[in-house]
Amino acid sequence: MRWFFFVLLSLLFMVAPLQQGLYFDSDFYMVHIFIYSLTFLLMLRVLYDRDFTTWSDLLFILIIPICYLISLIQAKHPEGAFNMVFRWTTYISFFYLLYWSINKHPKIRQLAPYIYYATGVLITVHMLLNQFGLLNDPGAFIKDRFAGVFQYPNTFGMVMIAFYMFGLVMLLNKRQNWRGIFFYSFPLTAFIAAFLESYSRGMYLIFPIVWLIGICCFSFQHQLRYTLYTMITMLSGMLVFILLQKGNMFLTGISIVVLSLLSFLVIWWIYQLDLNVRLKKFHRGILPVIVIVFGILFGFDLANQGLIYKQLPANLQERMASIIDSSTARERVLIVEDAMEASLDAPLIGQGGKAWESIYRNYQQLPYQSKKIHNEYIEVILDIGYPGFLITISILAYLILRIWQTMRCADDRSIYLAILLSLATILAHSFIDFNLAFGFVVFMIFWLIAMGLKTIAEPKRLKKWPLYSLGIYAVILLFALTFAYRFMQADVSYQKAMNTDNLKEREQYLKEAISYNRFDTEYWYKLSDTLTNQKDQRKTKNAIYQMVALEPMNSQVIYQSGVLLEKINEKRDALHQYRNALELDPFDLRIYQGIIHLSVDLAGEHKSNRYAKIAIETYESMLNEYEQFEKNPIGQDHNRRGFEMTDAIEEDIVKAKTLLSHE
């Protein structure tokens, strides 16, 4: 049974990245159902065997999905909150299944690191095949940066280094044979080249920090090997990177194979050298100090565009130079400030999963378009509140501490250090980006933890609390399974609706989608839009206000309701909705245009200066916001969301003033 679960989980782990890293919820529904079904099988097996080893010391991590369940009470983005319940129930179930499979089975424990590392190789090969034109995935490139299966360069670069650090440290395993050295060393060149091609500035900073943490964990002889292996693979990876810039794909492909093979041969030769006796007298603090000194000098060289900086390829020079003066970094600081303010409005149980997508415009200091906070820890605070965040971090810290304690008692610490440094890469980069939005990255975290954990102790006799907790878990699983299936069916019906031009059929499919999932505002919007063409105002207005009730703090939903109401000639209601939307988002040009144009239209129809005054007041409010925005020293560095004065607005204001003058 352990092999059955492990094989299925391995296949899932290796295939998951190909679904955009499981970023989109629609790609995740089948995975949820698959994992929940396996978990029910595991429960039956555990109950049959009366083997509660897996549960007795790790059941407390069930608190995480429970926190997301509680956040449903006041979720500002109900559909997103449900999807986060599904995700965390799946993550925890995936971990339980994997931990149970690996625990007490030496052969599976030995195989697990190979599956983990091979998945990283597949991700890299997929990217390189796209680069060489053998695959055609347009999302693999974002503005000529490697984005890979994730379609996001920063997460792709982080994943490359997470696998690189794992492979690098595994080369220090004293029990490796030439096959193991080949398996772990050969892909390192490609990892570095792909990482450099991602041009991830955040990882350019985090990589050396994690690497430095690694060197402090070894004895001097292992530090020397660690440094030499890094220099060899960094050099070969940089050479491949330079060749990629030149554009000769055939030559580059041959070079990757040749340089990777040369790296393996040199590493294998170094691995066989007996360094223990010769280097025993050297203190382990020497190399870290030397590395830090050279790192500081290298940093000064880059900051001042010195000798080393000038040797780098032009594209890499630009990315390095932009680290210091980055408008993106400043914008992310603002996003963090706004998110922290939002978190204070629901500090105990949070605003619900994915709340930021719905409410961020209500808190932003300057106009930006960002459905993610770019800091996973603050995202957790916003989603499930400060107590939930502390529980989640405490659980993660406890699991990492367990791995550290296991490592201290082990004969060979390389596998545990490889796990911890790979984890450190993911967790450190998650301070500055939204890596955990990709389900595969969370699978990486739990795969690493499952490999590093060992059971604390066997329960001597059956106790009642494991049975009670299993019952609670079964209820959570049944809840998540039911709703995940319904959401999946809703998505199927919605896709059918979008693929038909027949309005009656579209209405039928959309109503079917809503019957399965009434929490998706997009379904209600499309249904309302479809109904506007059928001249049924009562049904249309009902659908519109159902949409608004789901996300009352989402300015875009409120604005869309105004557009729909205007379509069915409910102009006064539409104006009311536009003004509500403006209260939530003072930087949306479309909202200002909607209010001003509709107010002028109503003023002309009703011969009333009340509406003309609304148009002028809105214009003055926009002028004030625009002037404040223009004065902001970093305002021009933002994407602005098109926030600027237009000729159409100016023309409408002239009409409004003319109407007032006639009064």
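Taking the six-membered ring where the residue is Trp, the centroids of Tyr164 and Phe191 are separated by 6.0 Å or more. Aromatic ring centres of Tyr199 and Tyr204 lie farther apart than the 6.0 Å criterion allows.
Atom-to-atom distance recorded for Ile161:CD1 and Ser198:OG is 8.0 Å, nearest 0.5 angstrom. One distance of note links CE of Met158 with CD1 of Ile426; it measures 5.5 Å at 0.5 Å rounding.
Ring pair His105/Trp3 is perpendicular by interplanar angle, where above 60° counts as perpendicular and below 30° as parallel. In this pair, Phe264 and Phe182 present their aromatic rings perpendicular. The plane angle is above 60°, beyond the 30 to 60° band.
Using a 3.5 Å distance cut-off with no hydrogens or angles, the side chains of Ser263 and Ser236 do pair a donor with an acceptor. Looking at Tyr377 and Asn375, their side chains never bring a donor and an acceptor atom within 3.5 Å of each other.
A pairwise comparison of heavy atoms in Tyr91 and Gly439 identifies OH-CA, 3.4 Å as the closest pair. Val149 approaches Pro17 most closely through the heavy-atom pair CB-O, 3.1 Å. Residue Ile270 comes nearest to Arg225 through the heavy atom pair O-NH1, 2.8 Å, listed as atom of the first residue, atom of the second, then distance.
Residues in residues 133-144 take part in no side-chain hydrogen bond (donor to acceptor under 3.5 Å, both in side chains) pair, two or more places apart or across chains. Counting only residues at least two apart or in different chains, salt bridge (Lys or Arg N to Asp or Glu O under 4.0 Å) contacts with residues 247-265 are absent. The side-chain hydrogen bond (donor to acceptor under 3.5 Å, both in side chains) analysis of residues 106-118, with sequence neighbours excluded, yields the pairs Tyr116-Ser422.
The closest donor-acceptor contact from the side chain of Asn173 to the backbone of Arg175 lies under 3.5 Å. At distances below 3.5 Å, not a single donor-acceptor pair connects side-chain atoms of Trp447 with backbone N or O atoms of Val442. Formation of a donor-acceptor pair under 3.5 Å by the Gln20 side chain with backbone atoms of Phe150 is not found in this model. Remark: the backbone N or O of Ile432 is paired with a side-chain donor or acceptor of Arg332 at under 3.5 angstrom. Looking only at distances, no side-chain donor or acceptor of Glu197 sits under 3.5 Å from a matching main-chain atom of Phe146.
Legend: residues meeting side chain to side chain donor-acceptor pair (under 3.5 Å) with Tyr23, ordered by chain and number and at least two apart, are absent. The side chain to side chain donor-acceptor pair (under 3.5 Å) search around Ser219 returns His222, not counting sequence neighbours. For Phe94, the ring pair (Phe, Tyr, Trp, His ring centres under 6.0 Å) test picks out Phe443, with sequence neighbours left out.
Tested against Tyr229, the residues Leu188, Leu172, Val169 include a single side-chain contact (heavy atoms from CB on, under 4.5 Å) partner, Leu172.
Annotation: side chain of Arg87 is in contact with side chain of Asp25 (closest heavy-atom distance under 4.5 Å). Using a 4.5 Å heavy-atom threshold, the side chains of Phe166 and Thr425 count as separate. Looking at Met43 and Tyr473, their side chains come closer than 4.5 Å, going by heavy atoms from C-beta outward.
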